[in-house]
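Working notes for the structure below.
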Amino acid sequence: MKKALEAILLAAGGPVRPGELKEVWPGVEEEDLRDMFQELAEEYKDRGIRIREVAGGWRMETAPEVAEEVRSYLRPRPRRLSAAALETLAIIAYHQPITRAEIEARRGVDSSGPLRFLLEAGFIRVVGRKQIPGRPLLYGTTEYFLEFFGLRSLQDLPPLEEIRKLAGKA
(Lines give C-alpha, C1' and ligand atoms only; values in the text may rest on other atoms or scores of the structure.)
Protein backbone atom coordinates (compact mmCIF):
# COMPACT_ATOMS: atom_id res chain seq x y z
CA MET A 1 0.00 0.00 0.00
CA LYS A 2 2.87 2.37 0.80
CA LYS A 3 4.39 1.67 -2.63
CA ALA A 4 1.09 2.57 -4.27
CA LEU A 5 0.87 5.76 -2.19
CA GLU A 6 4.39 6.68 -3.32
CA ALA A 7 3.41 6.13 -6.97
CA ILE A 8 0.25 8.21 -6.54
CA LEU A 9 2.32 11.07 -5.11
CA LEU A 10 4.67 10.90 -8.07
CA ALA A 11 1.89 10.76 -10.66
CA ALA A 12 -0.37 13.37 -9.05
CA GLY A 13 1.95 16.30 -9.67
CA GLY A 14 0.30 18.19 -6.81
CA PRO A 15 -0.95 17.72 -3.26
CA VAL A 16 -2.75 14.46 -2.50
CA ARG A 17 -5.23 14.69 0.36
CA PRO A 18 -5.87 11.64 2.53
CA GLY A 19 -9.64 12.02 2.07
CA GLU A 20 -9.24 11.75 -1.71
CA LEU A 21 -7.82 8.25 -1.31
CA LYS A 22 -11.08 6.83 0.10
CA GLU A 23 -11.96 5.68 -3.43
CA VAL A 24 -8.67 3.82 -3.73
CA TRP A 25 -8.75 2.24 -0.27
CA PRO A 26 -12.35 2.47 1.05
CA GLY A 27 -11.64 0.62 4.32
CA VAL A 28 -8.56 2.61 5.33
CA GLU A 29 -8.87 5.42 7.87
CA GLU A 30 -7.56 8.88 6.99
CA GLU A 31 -5.38 8.80 10.11
CA ASP A 32 -3.64 5.64 8.84
CA LEU A 33 -3.02 7.35 5.49
CA ARG A 34 -1.59 10.39 7.26
CA ASP A 35 0.75 8.07 9.17
CA MET A 36 1.89 6.51 5.88
CA PHE A 37 2.49 9.94 4.37
CA GLN A 38 4.56 10.80 7.45
CA GLU A 39 6.56 7.55 7.15
CA LEU A 40 7.28 8.26 3.48
CA ALA A 41 8.31 11.82 4.33
CA GLU A 42 10.76 10.43 6.89
CA GLU A 43 12.17 7.90 4.38
CA TYR A 44 12.70 10.66 1.79
CA LYS A 45 14.21 13.28 4.11
CA ASP A 46 17.83 12.68 2.96
CA ARG A 47 17.11 12.24 -0.75
CA GLY A 48 16.88 14.58 -3.72
CA ILE A 49 13.09 14.45 -3.48
CA ARG A 50 11.09 15.33 -0.39
CA ILE A 51 7.55 14.47 0.58
CA ARG A 52 6.01 17.43 2.31
CA GLU A 53 2.65 18.44 3.70
CA VAL A 54 1.29 21.44 1.82
CA ALA A 55 -2.14 22.94 1.07
CA GLY A 56 -3.99 20.32 3.10
CA GLY A 57 -2.32 17.40 1.34
CA TRP A 58 1.06 15.85 0.63
CA ARG A 59 3.27 16.24 -2.43
CA MET A 60 6.66 15.27 -3.79
CA GLU A 61 9.02 18.15 -4.40
CA THR A 62 12.66 18.79 -5.11
CA ALA A 63 14.90 18.99 -2.06
CA PRO A 64 16.17 22.57 -1.63
CA GLU A 65 19.83 21.51 -1.75
CA VAL A 66 19.47 20.18 -5.32
CA ALA A 67 16.99 22.73 -6.62
CA GLU A 68 19.62 24.71 -8.54
CA GLU A 69 20.76 21.67 -10.51
CA VAL A 70 17.16 20.73 -11.34
CA ARG A 71 16.38 24.32 -12.35
CA SER A 72 19.50 24.42 -14.51
CA TYR A 73 18.50 21.20 -16.26
CA LEU A 74 14.84 22.06 -16.79
CA ARG A 75 15.32 25.79 -17.41
CA PRO A 76 11.71 26.54 -16.42
CA ARG A 77 10.21 29.88 -17.19
CA PRO A 78 9.60 31.18 -13.68
CA ARG A 79 6.25 32.74 -12.93
CA ARG A 80 7.02 36.34 -12.19
CA LEU A 81 4.79 38.46 -10.04
CA SER A 82 5.00 42.18 -10.60
CA ALA A 83 5.37 44.39 -7.55
CA ALA A 84 1.74 45.48 -7.99
CA ALA A 85 0.52 41.85 -8.20
CA LEU A 86 2.62 40.82 -5.20
CA GLU A 87 1.39 43.75 -3.14
CA THR A 88 -2.23 43.00 -4.10
CA LEU A 89 -1.77 39.30 -3.33
CA ALA A 90 -0.28 40.08 0.09
CA ILE A 91 -3.22 42.34 0.94
CA ILE A 92 -5.67 39.62 -0.07
CA ALA A 93 -3.78 36.90 1.82
CA TYR A 94 -3.70 38.85 5.07
CA HIS A 95 -7.14 40.49 4.90
CA GLN A 96 -9.39 38.01 3.08
CA PRO A 97 -12.18 38.02 2.26
CA ILE A 98 -11.71 41.51 0.84
CA THR A 99 -13.31 43.65 -1.87
CA ARG A 100 -11.56 45.45 -4.70
CA ALA A 101 -12.43 48.81 -3.11
CA GLU A 102 -10.84 47.71 0.17
CA ILE A 103 -7.72 46.56 -1.68
CA GLU A 104 -7.49 49.85 -3.55
CA ALA A 105 -7.97 51.80 -0.32
CA ARG A 106 -4.96 50.00 1.15
CA ARG A 107 -2.83 50.31 -2.00
CA GLY A 108 -3.93 53.81 -2.96
CA VAL A 109 -4.13 52.92 -6.67
CA ASP A 110 -6.36 51.05 -9.13
CA SER A 111 -6.00 47.30 -8.71
CA SER A 112 -8.03 45.95 -11.62
CA GLY A 113 -4.94 44.83 -13.58
CA PRO A 114 -3.26 42.93 -10.73
CA LEU A 115 -6.60 41.39 -9.71
CA ARG A 116 -7.24 40.16 -13.24
CA PHE A 117 -3.74 38.66 -13.44
CA LEU A 118 -4.03 36.96 -10.03
CA LEU A 119 -7.44 35.50 -10.95
CA GLU A 120 -6.19 34.19 -14.31
CA ALA A 121 -3.02 32.76 -12.73
CA GLY A 122 -5.09 30.95 -10.10
CA PHE A 123 -3.63 32.67 -7.02
CA ILE A 124 -6.98 34.14 -5.98
CA ARG A 125 -10.67 33.45 -6.52
CA VAL A 126 -14.02 35.07 -5.90
CA VAL A 127 -15.28 33.75 -2.56
CA GLY A 128 -18.62 35.57 -2.41
CA ARG A 129 -20.22 38.96 -2.29
CA LYS A 130 -20.16 41.49 0.55
CA GLN A 131 -23.60 42.21 1.97
CA ILE A 132 -23.51 45.96 1.37
CA PRO A 133 -25.10 48.12 -1.35
CA GLY A 134 -23.75 47.10 -4.74
CA ARG A 135 -22.80 43.67 -3.37
CA PRO A 136 -19.12 43.85 -4.45
CA LEU A 137 -17.14 40.67 -5.04
CA LEU A 138 -15.03 39.29 -2.21
CA TYR A 139 -11.61 37.84 -3.03
CA GLY A 140 -9.60 35.16 -1.23
CA THR A 141 -6.55 33.02 -1.93
CA THR A 142 -6.65 29.55 -3.48
CA GLU A 143 -4.96 26.25 -2.75
CA TYR A 144 -2.64 27.04 -5.67
CA PHE A 145 -1.47 30.09 -3.69
CA LEU A 146 -0.57 27.78 -0.80
CA GLU A 147 1.17 25.33 -3.14
CA PHE A 148 3.11 28.06 -4.97
CA PHE A 149 4.47 29.54 -1.74
CA GLY A 150 4.92 26.13 -0.04
CA LEU A 151 2.46 26.79 2.78
CA ARG A 152 0.36 24.21 4.61
CA SER A 153 -2.28 26.78 5.49
CA LEU A 154 -2.72 30.53 5.85
CA GLN A 155 -1.53 30.19 9.45
CA ASP A 156 1.95 29.56 7.99
CA LEU A 157 2.11 33.11 6.63
CA PRO A 158 4.72 35.17 8.46
CA PRO A 159 3.27 37.71 10.91
CA LEU A 160 2.17 40.89 9.17
CA GLU A 161 4.47 42.98 11.37
CA GLU A 162 7.46 40.99 10.06
CA ILE A 163 6.42 41.76 6.47
CA ARG A 164 6.04 45.45 7.28
CA LYS A 165 9.54 45.55 8.77
CA LEU A 166 11.01 43.89 5.68
CA ALA A 167 9.20 46.38 3.47
CA GLY A 168 10.50 49.28 5.58
CA LYS A 169 7.00 50.36 6.62
CA ALA A 170 7.19 49.51 10.32
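Under the 30°/60° scheme for interplanar angles, the aromatic rings of Phe148 and Phe123 are found to stand perpendicular.
Side chain of Glu147 to backbone of Pro15: no donor-acceptor contact under 3.5 angstrom is found. No donor-acceptor pair under 3.5 Å is formed between the side chain of Asp32 and the backbone N or O of Val28. Side chain of Thr88 to main chain of Ala84: a donor-acceptor pair is present (N/O by atom type, distance under 3.5 Å, no hydrogens or angles).
Under the ring-ring contact (aromatic ring centres under 6.0 Å, His included) criterion, Tyr94 pairs with no residue at all, not counting sequence neighbours. Scanning for side chain to side chain donor-acceptor pair (under 3.5 Å) contacts around Glu69 gives an empty result, with sequence neighbours left out.
Put simply, Val66 and Leu10 are part of two different groups of oily side chains (I, L, V, M, F, W, Y) that touch within less than 4.5 Å, one to the next. Under a hydrophobic-cluster definition in which Ile, Leu, Val, Met, Phe, Trp and Tyr are linked whenever side-chain heavy atoms come within less than 4.5 Å, directly or via other members, Tyr44 and Leu33 are assigned to the same cluster. Cluster membership check: Leu137 shares its hydrophobic cluster with Phe145, using side-chain heavy-atom separations under 4.5 Å among Ile, Leu, Val, Met, Phe, Trp and Tyr. In the hydrophobic clustering of ILVMFWY residues, with side-chain heavy atoms under 4.5 Å counting as a link, Ile49 and Ile8 come out together. Hydrophobic clustering, with ILVMFWY side chains joined whenever heavy atoms are under 4.5 angstrom apart, groups Met36 together with Leu21.
Atom CG of residue Leu138 and atom OG1 of residue Thr99 lie 6.5 Å apart, to the nearest 0.5 angstrom. Glu104 CD to Ile91 CD1: the interatomic distance, rounded to the nearest 0.5 Å, is 10.0 Å. Summarising the geometry, atom CD1 belonging to Ile92 is positioned 4.0 Å from atom CD1 belonging to Ile103; distances are rounded to the nearest 0.5 Å.
The shortest distance between side-chain heavy atoms of Arg34 and Glu31 falls below 4.5 Å. Here the side chains of Phe149 and Leu157 are not in contact, with every heavy-atom distance at 4.5 Å or above. Looking at Leu89 and Ile124, their side chains come closer than 4.5 Å, going by heavy atoms from C-beta outward.
Atom CD of Glu29 has 12 or fewer neighbouring heavy atoms from other residues, nucleotides or ligands inside a 6.0 Å radius. Dense packing is recorded around NZ of Lys2, with more than 12 heavy atoms of other residues, nucleotides or ligands lying under 6.0 Å away.
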Scan the side chains in residues 110-122 for donor-acceptor partners under 3.5 Å anywhere in the protein, sequence neighbours excluded, and list what turns up.
residue: Asp110; atom: OD1; partner: Arg100; partner atom: NH2; Å: 2.9
residue: Asp110; atom: OD2; partner: Ser112; partner atom: N; Å: 3.4
residue: Asp110; atom: OD2; partner: Ser112; partner atom: OG; Å: 2.7
residue: Ser111; atom: OG; partner: Arg107; partner atom: NH1; Å: 3.0
residue: Ser111; atom: OG; partner: Val109; partner atom: O; Å: 3.4

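A pairwise comparison of heavy atoms in Trp25 and Leu5 identifies CH2-N, 3.9 Å as the closest pair. The minimum heavy-atom distance between Leu154 and Gln96, with the atom names listed, is CD1-NE2, 3.2 Å. The two atoms that bring Val127 and Pro97 nearest to each other are CG2-CB, 3.8 Å, heavy atoms only. Contact record, Ala41 with Ile51: CB-O, 3.3 Å, taken as the closest heavy-atom pair. The nearest pair of heavy atoms linking Tyr139 to Val126 is CE2-CG2, 3.9 Å.
Screening residues 47-57 for side chain to side chain donor-acceptor pair (under 3.5 Å) gives Arg50-Glu65, Arg52-Glu61 as the qualifying pairs, with residues at least two apart or on separate chains. Note on residues 122-131: pairs passing salt bridge (charged side-chain N to carboxylate O under 4.0 Å, His left out), not counting sequence neighbours, are Glu102-Lys130. For residues 3-25, the pairs satisfying salt bridge (charged side-chain N to carboxylate O under 4.0 Å, His left out) are Arg17-Glu20, Arg17-Glu143, with sequence neighbours left out.
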